[in-house]
Amino acid sequence: MADRTFRLYDSMSRVVKPLELLEPGHLRFYSCGPTVYSYAHIGNFRSFLTGDLIVRTAKELGWRVTWVTNITDVGHLTQDDVADAGGEDRMEKALHSKEGERFSNVWELAEYYGEKYREDWERLNLSEPTVRPKATQHVREQIVMTQALIDKGHAYETPTGVYFDVDSDPDYGKLSGNTRDGLKEAVRDVVLDENKRQQADFALWKKDDKHLMQWFSPWGWGFPGWHIECSAMARAYLGDTIDLHSGGEDNMFPHHECEIAQSEAFTGKPFSSHWVHTRFLQVEGEKMAKSKGNFFTVRDLIEQGFDPLALRYALISVPYGKPLNFTMQSLRDAQGNVERFRECERRIVAALGSMPEGADTPTGTDLERVAGEMLAAMCDDLNTSVAIAKAIEGTKIILRQNELSSADAAAAAWFLRRVEGLLGLWRVTPEDGCADTEPVVDGVTVSEWIERRATAKKNKDFTEADRIREALNAAGVELRDTPGGTTWAKKQV
RNA sequence: GGCGCCGUGCCCAAGUGGUUAAGGGGAAGGUCUGCAAAACCUUUAUCCAGCGGUUCGAAUCCGCUCGGCGCCUCCA
């Protein structure tokens, strides 16, 4: 397994190529995280899930992974509007919105949404990053880097801020394909400013002593430019050159382009060996937008009763490099499939009493083969469609047998753990298991009801048996008669 | 205006030069069952928007036409 190559599309060279590590067996990876001014939506998470899947695949390959994904808790310009120095940024805008009324300041607002973001992250079963730095905790590094860029002649100060001099970087535009000539039009964080040398020059520091979040710097009170935070944090935790950097497709320009310019001008070394960008998702064939009424946050869908793992399934069912058409139907389709993994778990537990640990020697050669194909699919530019198909093929092999032998159950458990590790579409039911606490219906436990129903059935009292089944069903408990007896499961949406 | 993507069965969707075009949903039939549910099995595209070309050979490459979408601006 260790000799497998992990191939990913690289946006810089525009070709699928093996992920090459600076230090063999150790992936250093930075993913752009969200600006926490609101609840994260499913599009945000499609992009974060790409990072998660890369990390999972790398770990299945036995690599050590240092994964940094930031939280941007500083607001940035919503428009290229320098005339109005008190103009709102995204954080301020959120604070002044109806949603934001309950917060007393932007710091509280950022803290709140950052916390909610981590909750969604956990519910969608993303792996924990090694570090999750906040931009506000690294302002000092950003100031140091900005000062150094001035010293090296790559940046200059104006009455409104400090700007990166795009002309000082002959490679500027190498990621996005944008040329300086093509950048006559203003872009994000490219501020209209008479004092700038070039329209395309972008802000490293904005002078603003009225901004709600401000820090003191060699250039007075103000706040850092958006791009510099990622350059500073990536370097702080991962070093001058990293193996891989990811983000949404919209990050390619200007954000990542500017990060490359800053970091490489600062260190004189290549910034990242590999770039991965996740395509946007659409909803019912259209761009997801609040104005279109097809805008979904993760928590909306979960509160509507959808299984978080089904949402995860739907969001990773199409490879990251293609647009994903998210539909309610696809979410319902996903539900039954994540349930299959749980059904496998029930069969295993029924056969062994619990999920066995350390069953690394599968007796099921079929399962071993399928797991290998599943990993191979992920190594092939994260072909999640094929990997999921393989996971399902595995469940069929397991569920085909009505009762598992203990050897087969051990193999099945091993396979489930591969699905868990690589795709995250199944997770062990928690021990303390509030999730699986036995429901009590009308003051009687489900197992007691099952016994009463068995008695009724034995006495051919099918009316009573069906009445019990219906009552439990109405209470959200589904009964399943198997050759080995009756089991139950909570009904899914 | 600049750049780019997509069009595969009823729906979602993998496959991008060569055996029988993955997988999921749905539908139909079957096994099991008192009935149901769950699970499993079987069936469901001689064909990949249309037209033309390259090739021994194309859903996969090239051109055109039609249709849908995205980025370039806050956005993952």
Side-chain angles (χ1 to χ4, degrees), chain A residues 14 31-35 37-38 40-51 75-80 89-90 93 176-179 181-190 226 246-255 277-282 285-290 313-314 317-337 339-340 343-344 346-347 373 377 380 383-393 395-402 456-458 460-463 465-466 469-470 473 478-483 486-489 491:
Chain A
R14 294 169 200 233
S31 301
C32 283
T35 302
Y37 62 97
S38 182
H41 60 251
I42 56 177
N44 296 120
F45 267 93
R46 162 130 121 131
S47 171
F48 307 149
L49 280 162
T50 300
H76 294 286
L77 300 180
T78 52
Q79 50 187 342
D80 307 323
D89 70 9
R90 273 189 279 162
K93 196 174 165 191
S176 61
N178 278 309
T179 59
D181 291 341
L183 293 173
K184 293 265 160 62
E185 297 300 312
V187 292
R188 176 165 60 184
D189 272 18
V190 171
W226 177 37
S246 75
E249 63 172 315
D250 59 318
N251 282 154
M252 201 147 98
F253 187 85
H255 186 52
H277 293 96
T278 303
R279 297 293 304 269
F280 272 16
L281 72 66
Q282 293 169 241
E286 289 192 298
K287 181 182 170 79
M288 181 171 76
K290 284 180 179 166
Y313 184 111
S317 60
V318 176
Y320 75 95
K322 292 196 173 187
L324 164 67
N325 182 19
F326 181 87
T327 63
M328 281 303 151
Q329 185 59 49
S330 68
L331 191 48
R332 284 189 289 269
D333 290 355
Q335 184 67 62
N337 284 109
E339 200 51 44
R340 303 169 76 96
E343 184 62 25
C344 287
R346 285 184 206 108
R347 302 278 184 96
E373 291 168 349
D380 179 20
N383 193 332
T384 44
S385 294
V386 170
I388 290 172
K390 292 300 171 187
I392 288 169
E393 188 180 334
T395 65
K396 288 195 174 183
I397 292 170
I398 295 165
L399 297 174
R400 189 141 52 211
Q401 295 140 284
N402 264 324
K457 281 170 71 174
K458 197 174 281 179
K460 305 277 183 203
D461 184 356
F462 298 122
T463 316
D466 289 348
R469 187 171 65 201
E470 285 311 309
N473 210 37
E478 192 173 82
L479 294 188
R480 292 171 184 175
D481 293 334
T482 71
T486 301
T487 62
W488 60 274
K491 270 208 306 192

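Both backbone and side-chain heavy atoms feed into the values below; hydrogens, waters and symmetry mates do not. Within every chain, numbering begins at 1; the chains are lettered A, B, ... in the order of the sequence lines, protein sequences first and strands thereafter.
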Shorter than 3.5 Å, N or O on both sides, protein versus nucleotides 2-4 of chain B: list them out with atom names.
none

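- One P atom belongs to B/A38, the other to B/A27, and the distance between them is 11 Å to the nearest Å.
- Between A/Arg469 and A/Ala334, the one whose closest nucleotide on RNA chain B sits nearer the 5' end is A/Ala334.
- B/G4 is paired with B/C69 under the criterion used here, namely a Watson-Crick or G-U wobble arrangement in which both key atom distances are under 3.5 Å.
- Across B/U55 and B/A14, the matching C1' atoms stand 26 Å from one another, rounded to whole Å.
- Nucleotides B/G1 and B/U60, compared at atom C1', are 32 Å apart to the nearest Å.
- With both pairing distances under 3.5 Å, B/C32 is matched to nothing as a Watson-Crick or G-U wobble pair.
- Between the side chain of A/Asp380 and the backbone N or O of A/Asn383 there is no donor-acceptor pair closer than 3.5 Å.
- Looking at heavy atoms from C-beta onward, A/Glu343 lies out of side-chain contact with A/Thr395 at the 4.5 angstrom threshold.
- Two residues are said to be in side-chain contact when any heavy atoms from C-beta on lie closer than 4.5 Å; A/Arg332 and A/Met328 meet this criterion.
- Within the shown strands, B/G18 is the pairing partner of B/C56 under the Watson-Crick or G-U definition, both distances less than 3.5 Å.
- Across B/C41 and B/C32, the matching P atoms stand 16 Å from one another, rounded to whole Å.
- Using Watson-Crick or G-U wobble geometry with both donor-acceptor distances under 3.5 Å, B/G63 finds its partner in B/C51.
- Of the inter-residue distances, the one linking A/Asn44 atom CG with A/Leu281 atom CG reads 9.0 Å to the nearest 0.5 angstrom.
- When heavy atoms are screened at a 4.0 angstrom cut-off, A/His277 is found touching no nucleic acid atom at all.
- Here CD1 of A/Ile42 is found 11.0 Å from CG of A/Leu49. Values are rounded to the nearest 0.5 Å.
- At a threshold of 4.0 angstrom between heavy atoms, the contacts of A/Gly43 include nucleobase atoms, whether or not backbone atoms are also involved.
- To the nearest 0.5 Å, atom CG of residue A/Asn251 and atom OG of residue A/Ser47 are 7.0 Å apart.
- Protein atom NZ of A/Lys460 is 12 Å distant from nucleotide atom P of B/U33, rounded to whole Å.
- With sequence neighbours left out, A/Tyr313 forms a ring pair (Phe, Tyr, Trp, His ring centres under 6.0 Å) with no residue at all.
- If A/Gly33 and A/Ala465 are placed on RNA chain B by their nearest nucleotide, the residue sitting closer to the 5' end is A/Ala465.
- Among residues two or more places apart in sequence or in another chain, the side-chain contact (heavy atoms from CB on, under 4.5 Å) test is passed with A/Ala389 by none.
- Residue-nucleotide stacking is present for A/Phe280 and B/A76, judged by a side-chain ring centre under 5.5 Å from the six-membered base ring centre and planes under 30° apart.
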Each nucleotide N or O in nucleotides 39-43 of chain B that has a protein N or O under 3.5 Å away: list the pair and distance.
residue: B/A39; atom: O2'; partner: A/Arg347; partner atom: NH2; Å: 3.3
residue: B/A39; atom: O2'; partner: A/Leu399; partner atom: O; Å: 3.2
residue: B/C40; atom: OP1; partner: A/Arg340; partner atom: NH2; Å: 2.7
residue: B/C41; atom: OP1; partner: A/Arg400; partner atom: NH1; Å: 3.2

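- Remark: the separation of the P atoms in B/C56 and B/C69 is 40 Å, to the nearest Å.
- Of the residues A/Lys322, A/Arg46, A/Arg279, the one that meets the salt bridge (Lys or Arg N to Asp or Glu O under 4.0 Å) test with A/Glu249 is A/Arg279.
- Judged by distance alone, with hydrogens and angles left aside, the side-chain atoms of A/Arg347 form a donor-acceptor pair with the main-chain N or O of A/Gln401 at under 3.5 Å.
- With rounding to whole Å, A/Gln282 atom CD is found 12 Å from B/C71 atom C1'.
- Between the CD1 atom of A/Ile392 and the C1' atom of B/G23 there is a distance of 6 Å, rounded to whole Å.
- A straight line from OH of A/Tyr320 to P of B/C5 spans 15 Å, rounded to a whole angstrom.
- For the P atom pair drawn from B/U8 and B/C47, the interatomic distance equals 16 Å after rounding to whole Å.
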_Where protein sits on nucleotides 9-19 of chain B, one letter per nucleotide: B base, S sugar-phosphate only, - none, heavy atoms under 4.0 Å_ = ----SSSB---
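- A heavy-atom distance below 4.5 Å is found between the side chains of A/Ser317 and A/Leu324.
- Taking atom CD of A/Glu249 as the reference point, atom C1' of B/G70 lies 6 Å away to the nearest angstrom.
- Under the side-chain contact (heavy atoms from CB on, under 4.5 Å) criterion, A/Asp466 pairs with A/Arg469, not counting sequence neighbours.
- In this entry B/A27 has B/U43 as its Watson-Crick or G-U wobble partner, both defining distances falling under 3.5 Å.
- Atom-to-atom distance recorded for A/Thr487:OG1 and A/Glu478:CD is 9.0 Å, nearest 0.5 angstrom.
- Here the closest non-hydrogen pair linking A/Phe48 and A/Gly33 is CE2-CA, 4.0 Å.
- When rounded to the nearest whole Å, the span between NZ of A/Lys287 and C1' of B/C71 equals 8 Å.
- The CG-P distance, from A/Asp466 to B/A36, rounds to 11 Å in whole Å.
- Going from the P atom of B/C71 to that of B/A76 covers 13 Å, rounded to whole Å.
- Straight-line distance between the C1' atoms of B/C48 and B/G15: roughly 11 Å, to the nearest whole Å.
- One atom, CG of A/Leu281, and another, C1' of B/C69, lie 13 Å apart when rounded to the nearest Å.
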